[in-house]
Protein chains: 2
Amino acid sequence: MKSTIPDSGVPIGPAAGNGSDRQEASLHGEILLRLRDYVVEGNIPEGARVPERKLCEMLGISRTPLREALKVLAAEGLIELLPNRGARVRQLSQRDLEELFDLMAGLESLAGRLACETITDDEIADIERLHYEMYGHYLHRDMHGYFQINQRIHESIVNAARNETLKTAYANFAGRIRRVRYSANFARKRQRWGEAMREHEAILDALRRRSGSELSDILFQHLRNKRTAAIEHLTEAPEGAPTSP
Amino acid sequence: MKSTIPDSGVPIGPAAGNGSDRQEASLHGEILLRLRDYVVEGNIPEGARVPERKLCEMLGISRTPLREALKVLAAEGLIELLPNRGARVRQLSQRDLEELFDLMAGLESLAGRLACETITDDEIADIERLHYEMYGHYLHRDMHGYFQINQRIHESIVNAARNETLKTAYANFAGRIRRVRYSANFARKRQRWGEAMREHEAILDALRRRSGSELSDILFQHLRNKRTAAIEHLTEAPEGAPTSP
DNA sequence: AGGACAAAAAATGAATGCAAAATGACTGAC
DNA sequence: GTCAGTCATTTTGCATTCATTTTTTGTCCT
């Protein structure tokens with residue numbers, strides 16, 4: 001057996017009904033979007049070799065635009081290209097994950113600092129609403145609901161920074177760890193959960209006072225704690241592939 | 001012929017003696033490195049259209065690997081690809097520059113915070129040496145020398161963070177504004193210069209005390225001030241590089 | 001039977017070819 | 001004299017083709 005890609009019928013057909021209405025003018029752009037999603041969503045096992053041929057017939061295109069897309073994905077850090085041996089989904093070592101988490105922490109910390117400069121009362125009110133909604137989920141021990149709101153809060157902070165470049169970079173790095181992040185979310189223990197809630201309150205407090213420097217610290221520490229929990233969880237339950245470079 | 005590329009004989013010959021010994025196995029990798037440098041160093045005027053054909057004969061290759069490299073450069077934000085109308089060097093608006101400077105400030109601020117966790121006394125001593133060397137340049141009003149050391153200090157801090165992912169991201173964004181940054185360096189007025197020196201002393205102080213949170217603040221503010229000076233300078237002298245050909 | 005070597009098969013990297021779109025120039029009308 | 005429309009040329013986007021490199025398969029020898 002050569003193909004390492006799960007052959008699930010027609011995963012990404014040529015003109016398969018794309019749920020979202022986004023459409024790229026060029027073929028390689030279209031391919032890029034679809035392939036990126038396909039990889040980010042974890043449809044290809046980590047470290048699996050990805051024969052161009054296979055992808056070509058999956059996507060119903062020739063190799064040229066596909067290869068262009070692969071180069072871009074490699075530049076984004078999602079896959080890696082081995083010379084003369086094709087592409088493989090990038091395998092993130094524990095160290096890579098730590099570095100990525102720290103980087104994300106830094107970016108969100110920056111977002112918080114910048115947000116304090118320009119955020120409006122309305123925006124803060126929105127975040128407060130989200131916070132209380134999240135608190136409800138916390139009280140009901142609804143982890144999934146909690147986590148979705150949590151994501152939206154952090155997203156709101158990044159948006160409030162009013163820095164598209166930062167937002168793009170944040171999205172890029174988020175994509176790299178999305179697969180892991182997902183399982184990491186559920187790694188949150190009860191104890192850590194309560195802690196996180198308190199941290200979120202502190203975040204709101206600093207935001208209300210527009211104390212950028214404080215918010216920056218709190219956000220960084222908050223995400224640092226999250227990182228620790230996530231990494232712990234991953235080393236406890238190594239999902240299929242053990243971490244080895 | 002309305003080639004917008006300065007036709008300086010053999011700008012990047014096929015096997016032109018590359019000063020550095022770095023060599024990529026694949027052609028597209030080689031091309032990518034050379035084209036990136038070529039663009040970053042400002043050999044192509046901003047917003048200039050870049051016909052593939054021209055680049056191909058400049059580099060002595062066919063269009064396929066070139067186009068792959070262009071896609072990657074576009075993903076990196078150095079150039080932009082207009083559908084069916086080729087590539088152009090990305091023109092950075094003032095807003096783009098502000099965003100990039102802030103992002104760089106955030107990354108360096110993060111680097112400082114992380115560095116405080118693991119930096120050794122020797123590394124600090126190295127930075128102190130650089131600092132005093134820089135102080136010498138300051139006293140002698142040697143702006144060029146000052147600036148080179150300044151770069152090395154900031155580089156040392158990023159290295160001390162021991163985060164390759166951060167370092168790569170930092171290098172990427174630095175590339176985007178390198179052209180501007182270069183002229184911005186010389187924008188430093190006397191007054192701002194003295195200020196910068198004091199800030200650098202505060203940086204060293206926080207570093208010695210391993211106070212990550214403080215260092216983070218100081219670095220961000222330091223780079224914020226730099227940003228202001230740079231943007232001011234650019235709006236004062238909007239068109240053309242200070243050093244005319 | 002197991003391992004080493006060699007040839008076949010397949011995959012990758014790069015070049016070329018072809019259709020569609022865009023650019024530019026020329027012509028003609030007002 | 002200016003502007004609009006049409007056509008030729010150039011350029012881009014993608015498919016196909018060619019040349020290496022890698023991987024697999026098959027055979028032979030120990």
Checklist entry - For B:Leu81 and D:dG13, what is the distance between atoms CG and P respectively, to the nearest whole Å? => result 8 Å
Checklist entry - Considering only heavy atoms, which members of residues 64-77 of chain B lie under 4.0 Å from some atom of DNA chain C? => result B:Thr64, B:Pro65
Item to check | Main-chain N/O of A:Arg85 paired with A:Arg49 side-chain donor or acceptor, under 3.5 Å | outcome: yes
Next on the checklist: Is it the case that the side chain of B:Arg176 and the backbone of B:Glu76 share a donor-acceptor pair, with hydrogens and angles ignored and the cut-off at 3.5 Å?
Outcome noted: yes
Checklist entry - How close or far is atom P of C:dA14 from atom CD1 of B:Ile31, stated in whole angstroms? => result 9 Å
Next on the checklist: Under 4.0 Å from OP1 or OP2 of D:dT21: is there any side-chain N or O of A:Arg85 that close?
Outcome noted: no
Item to check | salt bridge (Lys or Arg N to Asp or Glu O under 4.0 Å) between A:Glu98 and A:Arg95, worked out | outcome: CA-CA 5 Å; A:Glu98 287 169 357; A:Arg95 181 66 201 144; 2.9 Å; yes
Next on the checklist: Would you say that B:Leu27 contacts B:Ile61 through its side chain, given a criterion of any heavy-atom pair below 4.5 Å between the two side chains?
Outcome noted: yes
Checklist entry - Could A:Arg224 and A:Phe101 be counted as a cation-pi pair, given that NZ or CZ must be under 6.0 Å from the ring centre and within 45° of the axis? => result no
Next on the checklist: Please tell me if A:His28 has a side-chain N or O lying less than 4.0 Å from either OP1 or OP2 of D:dC14.
Outcome noted: yes
Next on the checklist: Has B:Gln151 got a side-chain atom pairing as donor or acceptor with B:Gln148's backbone, closer than 3.5 angstrom?
Outcome noted: no
Checklist entry - How long is the line joining CD of A:Glu30 and P of D:dC14, in whole Å? => result 11 Å
Checklist entry - Does a donor on one side chain and an acceptor on the other come within less than 3.5 Å for A:Ser93 and A:Asp96? => result yes
Item to check | Nucleotide C:dA15, atom P - distance to CZ of B:Arg53 in whole Å | outcome: 13 Å
Next on the checklist: Of the options C:dT12, C:dA15, D:dC14, whose atoms approach the side-chain atoms of B:Leu27 most closely?
Outcome noted: C:dA15
Item to check | Between D:dT23 (P) and A:Glu52 (CD): distance, integer Å | outcome: 14 Å
Checklist entry - Which nucleotide in the list D:dT21, D:dT23, D:dT12 gets nearest to the side chain of B:Asn84? => result D:dT12
Checklist entry - Below 4.0 angstrom, N of the basic side chain to O of the carboxylate: do A:Glu52 and A:Arg67 qualify? => result yes
Checklist entry - So which heavy atom on B:Leu114 is nearest to which on B:Asn163, and how close? => result CD1-ND2, 4.1 Å
Next on the checklist: Please find the pair of heavy atoms, one from A:Leu100 and one from A:Phe173, that lie closest to each other, and give the distance.
Outcome noted: CD2-CD2, 3.8 Å
Checklist entry - Among C:dA14, C:dA21, C:dA15, which nucleotide sits nearest the side chain of B:Ser26? => result C:dA14
Item to check | Any donor-acceptor pair under 3.5 Å from A:Ser109 side chain to A:Ser216 backbone | outcome: yes
Under 3.5 Å, N/O pairs linking protein and nucleotides 18-20 of chain C:
none

Item to check | Carboxylate-amine/guanidinium proximity below 4.0 Å for A:Glu99 and B:Arg162 | outcome: no
Next on the checklist: Whole angstroms only, please: what is the CD-C1' distance between A:Glu57 and D:dA15?
Outcome noted: 16 Å
Next on the checklist: Rounding to 10°, can you tell me the angle the first-five-pair axis of the helix from C:dA1-D:dT30 to C:dC30-D:dG1 makes with its last-five-pair axis?
Outcome noted: 0°
Next on the checklist: In this structure, how many angstroms lie between the P atom of C:dA22 and the CG atom of B:Leu82, rounded?
Outcome noted: 12 Å
